[in-house]
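Down below is the structure, laid out as structure tokens.
Because the structure is predicted, anything quoted here is derived from the model rather than measured.
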Amino acid sequence: MGAEEQRFLLSVLDVHAPVRAPEGALDWAAIMRVASECKVLPLLADRALAGCEERLEPAVADRLRESLHETAVYNTRLRGELSRAVSVLSSAAVDHVVLKGAVLMHSHYPRPVMRHAVDFDLVIDPERFHTGLDALRAAGFADAEPAPAMGPDGEALAASPRTVAHACAPLRGPSGVNVDLHHRVPAAGFERGGFRGWHARARSVEISGVPVRMCDPQDLAVHLCEHFALQNYGDPQDAPRLLADLRALFPECPAWEQLSDGPARQRVAVAVARRLFDAAFGPEPSRDPMAGLLRRVATGDPSVRVPLAQISNLRGHARRIYLDLLHRPGYALRTWFPTRVYLGQRYGVDPSSARIYPLYLTRLMRAAFKPLWPKR
């Protein structure tokens with residue numbers, strides 16, 4: 001993207017300030033492609049239509065309005081499903097805290113349509129996790145269906161049996177919106193009093209007449225920084241939405257010192273987010289190549305996003321392989337050299353079938369080359 005497209009996108013991410021009208025013609029196809037890939041297309045649509053609609057081509061304006069309409073409809077379903085889930089948990093006397101997109105769209109963005117979320121996250125009392133899970137299932141929340149596994153010949157194979165993971169149980173509500181139910185959240189930001197500390201600091205708001213505990217802005221900001229820098233290994237595709245979220249939470253500037261008040265990994269995550277934030281919303285750099293690079297990352301520029309995404313991908317796989325070898329070496333070896341019985345159970349084929357042999361080859365190649373595949 002060009003410099004003018006970059007400046008315009010940065011003004012879009014600065015959600016509480018007026019959008020910067022472009023000085024010349026913009027490559028709208030490139031801008032919308034980047035916004036879509038980086039999950040900020042509704043934000044772009046709302047800001048562009050409000051700030052410079054007269055400069056948009058009719059086809060561009062129609063696509064942006066369509067994005068806003070789709071987001072508004074889906075967000076309505078999501079908030080309805082959220083209030084339904086919280087009502088069920090409250091009836092079962094299970095405490096909860098809502099995280100991420102649902103909190104941001106409802107309480108912090110100027111308009112809910114500016115922030116899209118695919119699902120919503122609930123951290124619930126770990127001592128009553130299974131009580132809450134059973135109550136939601138009884139109320140019509142079903143286990144989210146796993147994607148079907150595909151064999152090397154392109155034929156669909158049986159999916160593996162679904163189990164509840166240690167930290168999260170994905171469910172699908174009656175309207176089709178997913179809910180991620182967590183015992184806790186990863187990384188260090190949750191350690192400030194654990195669930196009880198987060199619950200005590202959460203803010204209660206009403207959605208459809210149901211009191212909902214929304215995560216405290218400071219706790220949420222730390223979680224967002226850790227989610228970007230640690231859980232997603234600094235995936236640059238997530239950078240624009242992270243910056244918009246932080247700007248929505250803090251119209252002036254985050255209290256970085258308070259956000260950094262924690263263990264080393266929390267300080268590292270916050271420091272990474274702070275560098276991006278300062279580069280995106282601070283004075284435009286003139287000769288600092290690092291600040292210029294960070295601004296390109298902040299706007300999801302494909303010229304830097306694509307190679308950095310591959311580095312992020314390799315970091316994630318390297319950490320996964322290291323932890324597997326350290327904590328469960330048997331599992332790590334079976335990932336590369338699975339047994340015939342496992343392959344039969346995993347892919348729903350007869351272990352004595354000839355189909356086992358191409359599965360062996362595919363499994364070995366997948367384990368060896370998956371770290372090099374680009375993220376989707």
Side-chain angles (χ1 to χ4, degrees), residues 36-43 67-90 94 96-109 112-126 129 132-137 139-148 159 162-187 189-190 195 198 202 205 207-208 210 212-215 219-220 223-224 226-228 231-232 235 237-238 240-242 244-245 248-249 375-376:
S36 178
E37 292 170 350
C38 296
K39 306 169 189 173
V40 292
L41 184 58
L43 175 60
S67 171
L68 281 183
H69 177 72
E70 292 172 352
T71 302
V73 170
Y74 191 85
N75 283 358
T76 299
R77 288 170 53 200
L78 184 144
R79 292 198 288 175
E81 208 71 278
L82 171 61
S83 63
R84 186 203 310 264
V86 167
S87 178
V88 170
L89 292 174
S90 298
V94 178
H96 71 280
V97 177
V98 186
L99 291 180
K100 293 167 63 178
V103 180
L104 290 157
M105 74 171 65
H106 185 83
S107 299
H108 298 285
Y109 274 85
V113 75
M114 298 169 76
R115 180 51 157 88
H116 173 67
V118 174
D119 52 24
F120 59 91
D121 295 78
L122 288 174
V123 183
I124 67 172
D125 186 348
F129 179 82
L133 183 58
D134 292 342
L136 288 170
R137 284 173 172 160
F141 287 80
D143 293 339
E145 291 295 325
R162 184 191 174 282
T163 58
V164 175
H166 171 70
C168 168
L171 301 175
R172 176 160 297 172
S175 72
V177 177
N178 279 16
V179 49
D180 281 349
L181 205 64
H182 300 264
H183 292 278
R184 51 158 292 142
V185 295
F190 194 68
F195 173 78
W198 275 40
V205 301
I207 299 180
S208 301
V210 178
V212 178
R213 300 286 293 181
M214 297 289 192
C215 187
D219 289 333
L220 181 55
H223 176 58
L224 292 173
E226 293 185 338
H227 189 272
F228 170 76
Q231 291 173 253
N232 284 0
D235 186 348
Q237 183 167 296
D238 298 331
R241 189 165 68 170
L242 169 71
D245 288 346
L249 284 168
K375 289 185 178 182
R376 294 181 180 178

Between A139 and P174, what is the shortest heavy-atom contact and its length? O-CG, 4.5 Å
Closest heavy-atom pair and its distance - S107, V205: OG-CG1, 4.4 Å
Heavy-atom pair with the smallest gap, counting every atom of R184 and V123: CA-CG1, 4.0 Å
Going through the distances and angles, do W198 and V185 end up as a side-chain contact (heavy atoms from CB on, under 4.5 Å)? CA-CA 11 Å; W198 275 40; V185 295; 3.8 Å; yes
What residues, two or more places apart in sequence or in another chain, satisfy side chain to side chain donor-acceptor pair (under 3.5 Å) together with Y74? none
Any chance you could measure H183, atom NE2, to I124, atom CD1, to the nearest 0.5 Å? 8.0 Å
Sorted by chain and residue number, the side chain to side chain donor-acceptor pair (under 3.5 Å) partners of N178 (sequence neighbours excluded) come out as R172
So, S90 side chain and S87 main chain: donor-acceptor pair closer than 3.5 Å or not? no
How many angstroms lie between atom CE of M214 and atom NE2 of H108, to the nearest 0.5 angstrom? 8.5 Å
Which heavy atom of R213 sits nearest to which heavy atom of H96, and what is that distance? N-NE2, 3.0 Å
Once you round to the nearest 0.5 Å, how far does CE of M114 lie from CG of N75? 12.0 Å
How would you list, by chain and number, every residue that makes a salt bridge (Lys or Arg N to Asp or Glu O under 4.0 Å) with R115, sequence neighbours excluded? D245
When every non-hydrogen atom of D235 is compared with those of F228, the smallest separation belongs to O-CE1, 3.1 Å
Partner set under side-chain contact (heavy atoms from CB on, under 4.5 Å) for D180, not counting sequence neighbours: D119, D121, C168, P170, H182
Considering only heavy atoms from C-beta outward, does the side chain of K39 approach that of D238 to under 4.5 Å? yes
Residues forming a salt bridge (Lys or Arg N to Asp or Glu O under 4.0 Å) with D125, sequence neighbours excluded: R196
Show the numbers, then the answer: is there a side-chain contact (heavy atoms from CB on, under 4.5 Å) between L104 and L220? CA-CA 9 Å; L104 290 157; L220 181 55; 4.1 Å; yes
For Q231, which residues count as a side chain to side chain donor-acceptor pair (under 3.5 Å) partner, sequence neighbours excluded? none
Which residues pass the ring-ring contact (aromatic ring centres under 6.0 Å, His included) test with F195, sequence neighbours left out? H199
All side-chain contact (heavy atoms from CB on, under 4.5 Å) counterparts of V113, not counting sequence neighbours: D46, L68, T71, A72, R111
So do the side chains of L78 and M105 get within less than 4.5 Å of each other, counting heavy atoms only? yes
With A244, which residues qualify under side-chain contact (heavy atoms from CB on, under 4.5 Å), at least two apart? L13, V15, L43, Y109
Examine distances only and state if a side-chain atom of Q237 and a backbone atom of E37 form a donor-acceptor pair shorter than 3.5 Å. yes
Among all residues two or more places apart in sequence or in another chain, which pass the side chain to side chain donor-acceptor pair (under 3.5 Å) test with D219? R192, R201
Considering only heavy atoms from C-beta outward, does the side chain of F129 approach that of L181 to under 4.5 Å? yes
Can you give me the closest heavy-atom contact between A102 and L82, atom names plus distance? CB-CD2, 4.0 Å
Quick one: are L122 and V97 in side-chain contact, heavy atoms under 4.5 Å? no
Selection residues 68-81 - residue pairs positive for salt bridge (charged side-chain N to carboxylate O under 4.0 Å, His left out), sequence neighbours left out: E81-R84
